Amino acid sequence: MLRTLGVICICLSAFSAYSESPTSKYQVATIMMVKPHQADAATDGGVTRYDVSVRVGNMDYVVLYTPPPGVRTVQYAAGREVLVLVGNKTITYNDILGNSLEVPILSHSTITKQSSR
């Protein structure tokens, strides 16, 4: 009897853990290309920004990234994989210190697979 009760408790706890859906789902993104952002000099204020193209699944996103002052490592980030959370208007990622940062999505497109002949 005790053994049966233990098995039932284990099954119920496994079912409840499995049925919980997370509110956020981070996905692997690959940085495809980085190029300086072309902005209006009057509104830019001398801040260097970058258009960063990232691929998440079958979607390509272009986001506007503003690095901290003095940091230019994003220029060499093409090919790197990062975990991202894609929202409606922003993409969230964690920096090297674990801080969550959001960048605005400038554009997005679906990747269509080409047939091989």
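Keep in mind that what you see is a predicted model, and the values were worked out from it rather than measured.
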For this session: Could I get the full list of side-chain contact (heavy atoms from CB on, under 4.5 Å) partners for Pro69, not counting sequence neighbours?
Result: none

Problem set entry | Other cluster members, Tyr76 - Ile/Leu/Val/Met/Phe/Trp/Tyr, side-chain contacts below 4.5 Å | none

For this session: Could you please spell out the steps behind the side chain to side chain contact (heavy atoms under 4.5 Å, CB included) verdict for Ile91 and Leu85?
Result: CA-CA 6 Å; Ile91 289 182; Leu85 176 63; over 6 Å; no

Problem set entry | Met33 reachable from Val63 in the ILVMFWY side-chain graph, under 4.5 Å edges | no

For this session: Only counting residues at least two apart or in another chain, list the ones meeting side-chain contact (heavy atoms from CB on, under 4.5 Å) with Ser100.
Result: Tyr26, Thr92, Asn94

Seminar exercise, completed: Sorted by chain and residue number, the side-chain contact (heavy atoms from CB on, under 4.5 Å) partners of Asp60 (sequence neighbours excluded) come out as Arg55, Ser109, Ile111

Seminar exercise, completed: Residue set satisfying side chain to side chain donor-acceptor pair (under 3.5 Å) with Gln75, at least two apart, ordered chain then number -> Tyr50

Seminar exercise, completed: CE of Met32 to OG of Ser53, rounded to nearest 0.5 Å, is 8.5 Å

For this session: Tell me whether Tyr61 is reachable from Val28 by hopping between hydrophobic residues (I, L, V, M, F, W, Y) whose side-chain heavy atoms are closer than 4.5 Å.
Result: no

Exercise. Between Gly79 and Thr30, which heavy-atom pair has the shortest distance, and what is it?
Worked result: O-CG2, 4.2 Å

Exercise. Asn99: what forms a side-chain contact (heavy atoms from CB on, under 4.5 Å) with it, not counting sequence neighbours?
Worked result: Asp95, Leu97

Exercise. Under the 4.5 Å side-chain heavy-atom rule for ILVMFWY, direct or indirect, which residues accompany Val62?
Worked result: Leu64, Leu106

Problem set entry | Nearest-0.5 Å distance, CD of residue Gln27 to CE of residue Met59 | 10.5 Å

Exercise. For Thr90, which residues count as a side chain to side chain donor-acceptor pair (under 3.5 Å) partner, sequence neighbours excluded?
Worked result: none

Problem set entry | Val74-Leu101 co-clustered via ILVMFWY side chain contacts under 4.5 Å | yes

Exercise. Are Val103 and Tyr93 close enough, and set up right, to give a side chain to side chain contact (heavy atoms under 4.5 Å, CB included), and what steps lead you there?
Worked result: CA-CA 8 Å; Val103 290; Tyr93 71 98; 3.9 Å; yes

